[in-house]
Amino acid sequence: MSPTRSTTTTSTPSSPARQSRVPGRVAFVGAGPGDSGLMTVRSLEFLAAADVVVIDQVAREDVVTRYCREGVEIIDAGHGDHGQPLTHAMRAKLVVKAAKSVSGGLVVRLMDGDPGTFNGLAEEALACQKAGIGFDIVPGVSAVSAVPAYAGIPLTSSSSPAVHVIAANDRHVDWAASVAESVTVVLLGQPEDLATALGKLLAAGRPADSPVALTERGTTIRQSTRVTTLGEFAKVMKTLEFPALAVIGSTVALRENLSWFETKPLFGWNVLVPRTKEQSGSTIARLESFGATAEVVPTISVEPPRTPQQMERAVKGLVTGRYEWIGFTSVNAVKAVREKFEEFGLDARAFAGLKIAAVGGVTAAALREWGIVPDLVPSGEMSANGLLEDWPPFDEVLDPINRVFLPRADIATDTLVAGLQEMGWEVDDVTAYRTVRAAPPAAHIREAIKGGQFDAAVFTSSSTVRNLVGIAGKPHPSTVIACIGPATAKTAEEHGLRVDVLAPEASSDSLVDALADYGLGLAAAAAEAGEPVVRPSAKKSASRRRAK
């Protein structure tokens, strides 16, 4: 995000126009514990209206990138110019200075978790009050409750009704007040502070066999929870690398049955998606729902046709009544026709009287975004074959026109055209866009692909296989190869890859679901063998897989 400032005329998401020459208003906003899906609606409204966002070493800049508008100014309040950590007082000065720099503007002070919990809200808000700067406070989901919930650990139960929340670096704690086994203790802090605090709790008289759960990077797909006892915690502490949260109490034992997040089928998997981001939205969301993260690597670049005349004639034919049907076989086709409409000053009304077909749900969704509801979407397989199965044959009595317009890629197959012609339709198969191989990804991505840092790769077409291998090389033998259909699987095998997963239906959702089933199978096999679940990237084989 560009470190520049853009102006706005609202001091809050719904306020009237600002007066000039007055300090900006500050909103102390909770960013949640890590999962951006836990951010509140109100927090997103303030981020969208912000002129300046002040973050620290915990609040995530990716949240700013996703939810703020272009041109917002970002101020890092985590460290000073020489890398030294800033105190609460220093951050308060930065916030006040930022508010004074944007006359009538909005400064969002983005805080990890909930602003009022271990975040210095008191110091910073008091500094604003003293400087005459108005402020809002937007509560956020606190790590205190969210991280244990994501670890499958309730904070209370019938036998443990009390909760004590303690900052691990607090040197003035009465540890004797937390020794009762009916009290669940929650500690937050750096590994070294947690070790000191746990030692003091043990020394104060908390039983050595008290269950302890230590969670790093809570609520993210990199979350890791280790369970031990208060008497044995030192062994586990050596493995911690990040700030963590510790839960001490009887409810930790419930994790064995209630762990829901870290047991997702693809939890922690890094999945390669060789498509463009515009085409991968639903795939990324579905992978994330199964606990995976997606790395999108574009393998093709979409460009206009070399000669636009054919496309221009076809679009004009839509207006003059030349066609009975128009069939969209991809989102790119929808985009190409829409761009040509805008060039000619047309809109969706030009489709009046036309019947419209879409090859699948994603293409249909792109049409609906344009205000067009397709008349035909395959009821079965989302492919050219599926479209042909549901497409009605030409009827001289019912159909006044026998011509179909197919705006497609320059490399499209002839399956759909031939099938429509057999049903009596005349087809104008028009090149709406060209697909060319994308530029190679960055060197570190190529090394990750060839070096086995991806747990899986999902291929949605034969061209994605060919182009990925062409621009980045073959995925490592340890990488699970998932293909959307037999043709794609055949291409993968021809390129020396063993196909591990084949989608039962030709759709991206079905492909991801099949990969999740594969992940469940790996977890079940590990459990049966009494072994821990290990991600594919963590068990690289020595030799490259060959197609059988």
Side-chain angles (χ1 to χ4, degrees), residues 265-266 271-276 278-287 290 292 294 296-300 302 327-333 357-366 376-391 406 408-420 435 437 454-470 474-475 479-519 521 545 547-548:
L266 302 176
V271 180
L272 177 66
V273 181
R275 301 186 78 184
T276 63
E278 293 77 12
Q279 296 173 313
S280 306
S282 62
T283 300
I284 294 171
R286 204 165 189 87
L287 284 168
F290 288 118
V296 177
V297 176
T299 58
I300 63 169
V302 177
F328 291 97
T329 58
S330 70
V331 173
N332 286 327
V359 75
V362 177
T363 304
L376 174 62
V377 180
S379 57
E381 179 182 322
M382 300 293 180
S383 66
N385 288 328
L387 200 56
L388 284 172
E389 288 181 7
D390 290 347
W391 200 301
L406 286 184
R408 302 198 297 164
D410 57 334
I411 58 171
T413 63
D414 294 331
T415 302
L416 184 57
V417 174
L420 290 173
T435 56
R437 182 175 290 178
F454 288 102
D455 297 288
V458 291
F459 292 104
T460 54
S461 67
S462 292
S463 63
T464 58
V465 177
R466 290 190 295 267
N467 290 338
L468 180 74
V469 173
K474 295 180 184 179
T479 305
V480 174
I481 303 299
C483 295
I484 200 167
T488 304
K490 181 180 179 182
T491 302
E493 291 170 346
E494 290 172 349
H495 284 77
L497 302 174
R498 187 186 70 211
V499 177
D500 304 288
V501 177
L502 185 63
E505 299 177 5
S507 71
S508 58
D509 284 355
S510 179
L511 177 59
V512 175
D513 291 349
L515 181 61
D517 287 339
Y518 183 86
R545 288 183 297 202
K548 292 184 177 180

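Only heavy atoms go into these numbers, but all of them, side chains included; no hydrogens, no water, no symmetry mates. These figures come from a predicted structure and were not determined experimentally.
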Practice problem: Check whether any side-chain heavy atom of L416 sits under 4.5 Å from a side-chain heavy atom of R408, and report yes or no. | Solution: yes
- Message: Taking A487's backbone N and O only, do any of them form a donor-acceptor pair with S462's side chain (distance below 3.5 Å, no angle check)?
- Response: yes
d(T435 OG1, D410 CG) to nearest 0.5 Å is 4.5 Å
Applying salt bridge (charged side-chain N to carboxylate O under 4.0 Å, His left out) to R286 and not counting sequence neighbours gives D509, D513
request  = With the side chain counted from C-beta on, respond yes when F454 and V271 share a heavy-atom pair under 4.5 Å apart, and no when they do not.
outcome  = no
Across all chains, not counting sequence neighbours, the side-chain hydrogen bond (donor to acceptor under 3.5 Å, both in side chains) partners of S507 are none
Legend entry - Any P475 side-chain heavy atom under 4.5 Å of L497 side chain: yes
In L515, I481, T479, the residue satisfying side chain to side chain contact (heavy atoms under 4.5 Å, CB included) with D500 is I481
Q) Does the S510 side chain pair with the main chain of E505, one donor and one acceptor, at a distance under 3.5 Å? A) yes
Would you call H495 and V465 a side-chain contact if the rule is heavy atoms closer than 4.5 Å?
yes
One should read off an interatomic distance between I300 CD1 and L468 CG, to the nearest 0.5 angstrom, of 12.5 Å
Derivation of the side-chain contact (heavy atoms from CB on, under 4.5 Å) call for L287 and V273:
CA-CA 10 Å; L287 284 168; V273 181; 3.8 Å; yes
For T363, the side-chain hydrogen bond (donor to acceptor under 3.5 Å, both in side chains) test, sequence neighbours excluded, returns none
- Task: Go through L388 and L420 one step at a time and tell me if the side-chain contact (heavy atoms from CB on, under 4.5 Å) criterion holds.
- Result: CA-CA 7 Å; L388 284 172; L420 290 173; 4.0 Å; yes
Separation between CZ (R275) and CG (N467), nearest 0.5 Å, reads 12.5 Å
CG of L502 to SG of C483, rounded to nearest 0.5 Å, is 7.0 Å
Does some side-chain heavy atom of V458 sit less than 4.5 Å from a side-chain heavy atom of L272? no
